[in-house]
Undergrad: 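This is the structure, below, for whatever I ask next.
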Amino acid sequence: MSPTEALLVGGGAFLAGGMNAVAGGGTFFSFPALLAAGVPPVVANASNSVALWPASLSGAWAYRREVMRHPRWTLMLVLVSLVGGLGGGMLLLATSNAMFSSLVPWLLLVATLLFAFSAQVSKGVTWCKGHLGLQADGATTPGGLGGLLFQLLVAIYGGFFGAGLGILTLAALSIQGVDDIQELNGLKNLCSAVNYSFAALTFIVAGAISWPHTLLMTLTAMLGAQAGAAFARRLPARWLRRLVVAVGCGLSIIYFAKTYF
């Protein structure tokens with residue numbers, strides 16, 4: 001890496017760590033930074049997943065009590081996230097750089113829309129639960145075959161790309177009957193951690209990682225997470241979310257123009 005590329009990649013990961021600590025959407029900063037530094041798209045996506053992996057593990061550990069309220073169902077979620085992470089990772093490795101480059105604008109756009117309309121997604125999930133009789137009560141174990149299949153699709157997407165994974169996972173868990181916000185967030189962190197862990201393992205074994213970029217990003221993302229938590233106390237979360245949406249829209253337009261024009 002040249003000093004300019006190191007600054008670009010490190011800065012993107014720093015912003016990603018900060019945004020993930022506060023409002024989510026960090027991939028919108030770190031993944032394009034890798035592309036701008038000349039890393040091939042597939043390697044950039046794999047390296048980005050590995051670099052942001054430690055943060056997901058720490059988030060899951062913080063909610064270890066909440067995720068064990070229904071141990072058998074939690075185990076099923078872990079297995080589904082494992083299979084999906086491996087499947088999505090292998091799907092990425094089987095995708096050529098040219099094909100993945102053509103998908104990048106669409107993936108960024110979908111992730112941006114999911115992030116921008118997450119409140120509407122949440123309301124839609126609540127409506128579906130009410131009309132399908134999926135409201136959870138404190139005495140029942142959440143879950144179901146349909147919900148696990150949806151969770152599998154979400155996990156495959158997470159292993160393949162990952163941006164917007166948190167929103168999709170929250171929707172999948174809500175549909176399955178999780179209402180408690182702490183349990184919901186804890187299970188989301190656990191599923192994401194398992195998904196990223198096994199997707200990352202797939203990328204590492206396949207040698208699809210650019211280690212200089214990944215190690216730099218891991219360090220700066222951790223620093224960004226600490227700075228983001230401090231910064232969040234001074235800036236309303238809604239403004240941070242608006243920043244992520246604006247960046248996502250801008251990047252989508254840029255990559256559509258680069259890919260198709």
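Note that the structure is a prediction, hence the values are computed from the model and not measured.
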Undergrad: Out of curiosity, Phe160 CZ to Asn45 CG, how far, rounded to the nearest 0.5 Å?
TA: 7.5 Å
Undergrad: Do Phe150 and Val80 have side-chain heavy atoms sitting under 4.5 Å apart?
TA: no
Undergrad: Going only through I, L, V, M, F, W and Y residues with side-chain contacts under 4.5 Å, is there a path from Val245 to Val104?
TA: yes
Undergrad: Check the hydrophobic clustering (I, L, V, M, F, W, Y; side-chain heavy atoms under 4.5 Å; chains of links allowed) and say if Leu92 and Ile209 are grouped together.
TA: yes
Undergrad: Set out, in order, the CA-CA distance, both residues' side-chain angles and the distance that settles side-chain contact (heavy atoms from CB on, under 4.5 Å) for Leu148 and Leu77, then state yes or no.
TA: CA-CA 7 Å; Leu148 287 175; Leu77 288 174; 3.9 Å; yes
Undergrad: Rounded to the nearest 0.5 Å, how far apart are CG of Leu201 and OG of Ser197?
TA: 8.5 Å
Undergrad: Just wondering, more than 12 heavy atoms not from Met76 lying within 6.0 Å of its CE?
TA: no
Undergrad: Without swapping roles, check the side chain of Ser47 against the backbone of Ser210 for a donor-acceptor pair under 3.5 Å.
TA: yes
Undergrad: Please say yes or no: joined through hydrophobic side-chain contacts below 4.5 Å, possibly via intermediate residues, are Leu35 and Leu8 part of one cluster?
TA: no
Undergrad: What's the spacing between Trp106 CH2 and Ser252 OG if we round to 0.5 Å?
TA: 10.5 Å
Undergrad: Once you round to the nearest 0.5 Å, how far does CG of Leu190 lie from CE of Met68?
TA: 9.0 Å
Undergrad: Please assess Phe29 against Leu251 for the test side-chain contact (heavy atoms from CB on, under 4.5 Å), listing each intermediate value before the final yes or no.
TA: CA-CA 9 Å; Phe29 296 91; Leu251 290 172; over 6 Å; no
Undergrad: What heavy-atom pair brings Pro41 and Ser101 nearest, and what distance separates the two atoms?
TA: CG-OG, 3.0 Å
Undergrad: Is Met222 linked to Leu52 within one hydrophobic cluster, defined over Ile, Leu, Val, Met, Phe, Trp and Tyr using a side-chain heavy-atom separation of less than 4.5 Å?
TA: no
Undergrad: Any chance you could measure Ile254, atom CD1, to Cys249, atom SG, to the nearest 0.5 Å?
TA: 11.5 Å
Undergrad: If I compare all heavy atoms of Leu34 with all of Ala44, which pair ends up nearest, and what's the gap?
TA: CD1-O, 3.3 Å
Undergrad: For a quick test of reading the model, state the closest non-hydrogen atom pair linking Met217 to Ser30 and the distance between them.
TA: CE-CB, 3.6 Å
Undergrad: Indicate yes or no: at least one non-hydrogen side-chain atom of His213 is less than 4.5 angstrom from one of Val43.
TA: no
Undergrad: Mind checking whether Pro40 and Phe100 have side chains closer than 4.5 Å, heavy atoms only?
TA: no
Undergrad: Does Trp53 belong to the same Ile/Leu/Val/Met/Phe/Trp/Tyr cluster as Phe14, with side-chain heavy atoms less than 4.5 Å apart forming each link?
TA: no
Undergrad: Could you state the interatomic distance from CD1 (Ile156) to CG (Asn195), rounded to the nearest 0.5 Å?
TA: 9.5 Å
Undergrad: For the residue pair Phe203 and Tyr196, is the inter-centroid distance of their aromatic rings smaller than 6.0 Å?
TA: no
Undergrad: Which heavy-atom pair separates Gln151 from Ser81 by the least distance, and what is that distance?
TA: NE2-OG, 4.1 Å
Undergrad: Are Phe161 and Leu108 side-chain neighbours, meaning at least one heavy-atom pair lies under 4.5 Å?
TA: yes
Undergrad: Which atoms form the tightest heavy-atom contact between Asn48 and Phe31, and what is the distance?
TA: OD1-N, 3.8 Å
Undergrad: Minimum heavy-atom separation for Thr259 and Ser102, please, with both atom names.
TA: CG2-CA, 3.8 Å
